[in-house]
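Here is how names work: the chains are called A, B, and so on, in the same order as the sequence lines, proteins then strands, and each is numbered from 1.
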Amino acid sequence: MLDKTYQPAAVEGRRYAVWERSGGFAAEPNSERRPYTIMMPPPNVTGSLHIGHALNFTLQDVLVRYQRMRGRDVLWQPGSDHAGIATEIVVGNQLTAEGTTKRALGRDGFVARVWKWKEESGGAIAHQLRRLGASPDWSRERFTMDPGLASAVRRIFVQLYREGLIYRDKRLVNWDPAMHTVISDLEVQSRETKGSLWHIRYPVAELPGRFVTVATTRPETMLGDTGVAVHPNDPRFADLVGKSVRLPLADRLIPIIADAHADPETGSGAVKITPAHDFADFEIGRRHGLALLNIFDQDARLNDAAPAPYRGLDRFAAREKVVADLSAAGLLDKVEDHTLMIPHHDRSGEVIEPWLTDQWYCDARVLAGPALAAVEDGRIRFVPSQWENTFFDWMRKIQPWCISRQLWWGHRIPAWYGPDGTLFVAETVEEAQREASAKYGDAVSLRRDEDVLDTWFSSALWPFSTLGWPEETPELSRYYPTDVLVTSFDIIFFWVARMMMMGLHFMGEVPFRTVYIHALVRDERGQKMSKSRGNTIDPLGLIERYGCDALRFTLAALAAPGRDVKLAESRVEGYRNFATKLWNAARYAEMNVCALVADFTPAQCRLTVNRWIATAASDCGAAVTAALDAYRFDEAASLLYQFVWGTFCDWYVEFTKPILQGDDSARAETRAMTAWILGRIVHLLHPIMPFITEEIWQNLAREDEGLLLTAPWPEFSPEAHDLAASAEMEWVVQAISAIRALRAEMNIPPAARVPLLIKDVEPAVAERIERHREHFMRLARVDRFEPVVTVPAGGIQAVVGGTVLILSVGDVVDLAREKARLGKEIERLDSELRKIAAKLNNPNFLAKAKPEIVEEQRDREADVSRDRDRLKVAYARLMAI
RNA sequence: GGGCGCGUAGCUCAGCGGGAGAGCACUACGUUGACAUCGUAGGGGUCACUGGUUCAAUCCCAGUCGCGCCCACCA
């Protein structure tokens, strides 16, 4: 017997354990069934489940459960990512709290510490995924630093190196002076900041008394200037090109060059060039052969290349001193307020310093070609498709990918240096040693590269490294390429594009056929959630308060394509109510002895109401199937909501209550049908609301029917379709709704019974009304039916499918109110009629509109005009009272 | 500066060339044997603005205004 109310907390843990034990989550590489694969984007080991994860994993789980029910051999590959920088920040903070530092522990000590921490808390996210009801194949859980994945990383690195697609280069990089590591362009976040524009006068060396004024937002970098650029066509500076300025404070001579980059309209028209500390200047310097003068150390403090007074100052202190000194020297022309974009490290928040270093690079341009082609020719499809443009834009101007990081936690780069600096790239130290011995003729001691790889390097291999690559495992050939990748747009470049590049290069095939991009979750006011704003929503809290199914349903219902998800808690509450409604419907069925009947099919039903609900359920199921196939989770959710609440509970259950009180074959049929419909409902709802549906199913189904988790998705057979029954019941629903509206309009007390007068009724309709007389009596509280020719005084009418229903209650009518309503209604119909008439009198319309449209408009004109005339009659009679 | 998206009921959003929709919120009434986490009904919108295309525009096109996001070396 089902409990009085649904208790999610009591059900969820128990149900999940049963599913997991059943083996229903596991992929079956040996099965005959067609595979369906989703690679779970591996969450960071540092992570705890936030609402964005909840959306992402819910959508994947909906797909996975749906496809499992459709008979596919599903592999949903779970795992987690070592997340180099994020993890170092988390563990670094712990060390700070303990009064120690990463460097104090040393490399081995620190890495051991991170592993220990990973073992202790890395499972949190997996636990939280279970709370969400996610059904991946846990037996295949992977970590991006597992031995197998690590060897795949080394294999790939070595191969790309040998192909010339990985190389070392000295370039200007984005340097985090606090963490002492390079980061990629993608990890840089520009933040709008209020700053100043300093105009500094540089004396021209050859022309005493002449100055060139340059404008800069970063005066401290002037100490690293190696040139001043002006526009070639700028008359103000024409005579200065080729001369030089004496750089103040540093007392160096630097050339004045002509370069189109200098915009005469901007600043002072002349721009200082600091090739070692600015990306644009780096390019200009390269064009003109300017010297690179690095004035910062790894902490972004001024080094020995700077004049003595500034050495050791950090960049912000140096700025103050430079400005003060320039001002004292009378060389500061003016200072303007200026808003600019300052690059920050998106993880640490530190202001990025462009810095010149040697790093490892991957030739992304070469790898991007096949990835671009795969999207262009449709082998990979983005859903929604507008993301393809974003993808194309980035891929077509892709820059070399800096893959080295000066961190300790991660895949250490498999490269060794000989005593003379010769590089040996190999998968193992032994191999490197062999190569070294071959070169040097005897054993030498090698020094391993200190750097680790960008975390995204190993993530890029995820779709095949988790399946055993480079071994030719059965899994690899069966589950690659995967079917769909579900992710949000913010990692299209970080991850999606790189998986394509690596997958195409090493597997020769796309890693996935579809990329479903879902939106970001925002708070109810549309703001991005962040800890600093304090507007984060904890999905686990919502699960505790409303149940997992309610949260999942909410997320699915909000996941419309191309739109951000604004999550209001009231929404979750509403869907919790929906779960309760479903639960009570199941209880109702149980109390009325509605049990599944073996061999029952809806086609056997004789009762119109049962034939109707079978048709409606079939339509709903077909629509839900289509919606899920199209990744329209919102549509699937809304269809189910409407069917369960609006159709099944509000109408079918109410219609059949009297039948279930009876005692004949109609009751048996209706019991069977009620149970059958409920079974259909829990099947269709299971992907979105797995827990409550399984709980209901276990109560409804026979023991041998097994878990809903692995039950077959309902097939919708056309023989269950009965359009006539459908139309008839829809008419009854409309008629009863109309009568209810009339009652309210006339202020008839709910308990009062009223006569229903029927005008202009055809025999078939009269029969129909007679067939459903009990429904009218019960649900509309009508006590008798009378055919009439004219609308009586005090009568009020509604038109349903061409039949006029009139409620007549004499003096109960609130006359004034009714007159006003009728007047308004007539006015509305009149204006509508004018619109249609204008259309129908328009020769162009008659000539150019499709015939069926014209026909439709004619019918409509007839309908509306008939309605209007009837209302007018009623109005006139009302006025006469 | 470039690109993408969005402005539809108080809120969150569907719809999209020929009749303005849902849920929530609001109002009124209701303890009918599944359900008050409920039921029945109701009010509420020149579909941002302006032009254009069309027989017909909330829907297509262009522009304007407002909002959001992404990318970018403008000192």
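Note on A:Glu654: a base of the nucleic acid sits closer than 4.0 angstrom, heavy atoms only. A:Ala557 comes within contact range of no nucleotide atom at all, as no heavy-atom separation falls under 4.0 Å. Residue contacts for A:Thr390: at a heavy-atom cut-off of 4.0 Å it reaches no nucleic acid atom on any strand shown. At the heavy-atom level, A:Lys272 lies nowhere under 4.0 Å from the strands shown. The residue A:Gly269 sits close to a base: some heavy atom pair falls under 4.0 Å. Among the heavy atoms of the strands lying under 4.0 Å from A:Asp263 is at least one base atom, whether or not backbone atoms are also near. Backbone-only engagement by A:His338 is indicated by non-hydrogen atom pairs under 4.0 Å involving sugar-phosphate atoms exclusively.
Look at A:Glu569 and A:Arg545 and you find a salt bridge, because one of the NZ, NE, NH1 or NH2 atoms lies within 4.0 Å of a carboxylate O, short of that distance. We find that A:Lys850 and A:Glu855 are not joined by a salt bridge, their nearest charged nitrogen and carboxylate oxygen being 4.0 Å or further apart. A:Arg571 has no carboxylate O lying under 4.0 Å from a charged side-chain N of A:Glu573, or vice versa, which leaves the two without a salt bridge. The pair A:Asp337-A:Lys194 does not count as a salt bridge, with every side-chain nitrogen at least 4.0 angstrom from each carboxylate oxygen.
Judged by distance alone, with hydrogens and angles left aside, A:Arg576 brings a side-chain donor or acceptor within reach of the base of B:U37, the pair sitting under 3.5 Å. The base of B:C55 does not come close enough to the side chain of A:Lys839 for any donor and acceptor atom to sit less than 3.5 Å apart.
The interatomic distance linking A:His261 (NE2) with B:G1 (C1') rounds to 14 Å, in whole Å. Following rounding to the nearest Å, A:Trp645 (CH2) and B:A34 (P) show an atom-to-atom distance of 16 Å. Computed from coordinates, the A:Asp259 CG to B:C74 C1' distance equals 13 Å when rounded to whole Å. Taking atom CZ of residue A:Phe578 and atom C1' of nucleotide B:G39, one finds them 17 Å apart after rounding to whole Å. Summarising the geometry, the separation between CZ on A:Arg218 and P on B:A75 is reported as 12 Å, rounded to the nearest angstrom. As a whole-Å value, the separation of A:Asp490 CG from B:G68 C1' is 15 Å. Atom CZ of A:Arg571 is separated from atom P of B:A25 by 12 Å (rounded to the nearest Å). The interatomic distance linking A:Trp387 (CH2) with B:C69 (P) rounds to 13 Å, in whole Å.
Between A:Val271 and A:Thr580, the residue whose closest nucleotide on RNA chain B is further toward the 5' end is A:Thr580. Two residues, A:Gln661 and A:Glu635, neighbour RNA chain B, and the one matched to the more 5' nucleotide by heavy-atom proximity is A:Glu635.
Of the residues listed (A:Val228, A:Ile200, A:Ile254), the one engaging A:Leu247 in a side-chain contact (heavy atoms from CB on, under 4.5 Å) is A:Ile254, and it is the only one. Here the rule is side-chain contact (heavy atoms from CB on, under 4.5 Å) with A:Asp225, and of A:Thr274, A:Val214, A:Asp281 only A:Thr274 fits it.
Phosphate contact (OP1/OP2 of B:A34, side-chain N/O of A:Lys657, threshold under 4.0 Å): present.
Annotated stems with RNA chain B as a participant read B:1-7 with B:65-71, B:10-13 with B:21-24, B:26-30 with B:38-42, B:48-52 with B:60-64, given as range with range, by first number; only runs of 3 or more Watson-Crick or G-U pairs under 3.5 Å qualify.
Between A:Tyr641 and A:Tyr575, the ring planes are perpendicular. Angles over 60° get that label, and only those under 30° would be called parallel.
Taking the C1' atoms as reference points, B:C49 lies 15 Å from B:A57, given to the whole Å. Between the P atoms of B:G43 and B:U53, the separation comes to 39 Å (whole Å).
In the set B:C38, B:U12, B:C35, the nucleotide with an atom closest to the side chain of A:Asn577 is B:C38. For A:Arg740, the listed nucleotide lying nearest its side chain is B:U40; candidates were B:A34, B:U40, B:C73.
The aromatic ring centres of A:Phe578 and A:Phe553 sit less than 6.0 Å apart.
Here the side chains of A:Gln399 and A:Asp185 are in contact, with some heavy-atom distance below 4.5 Å.
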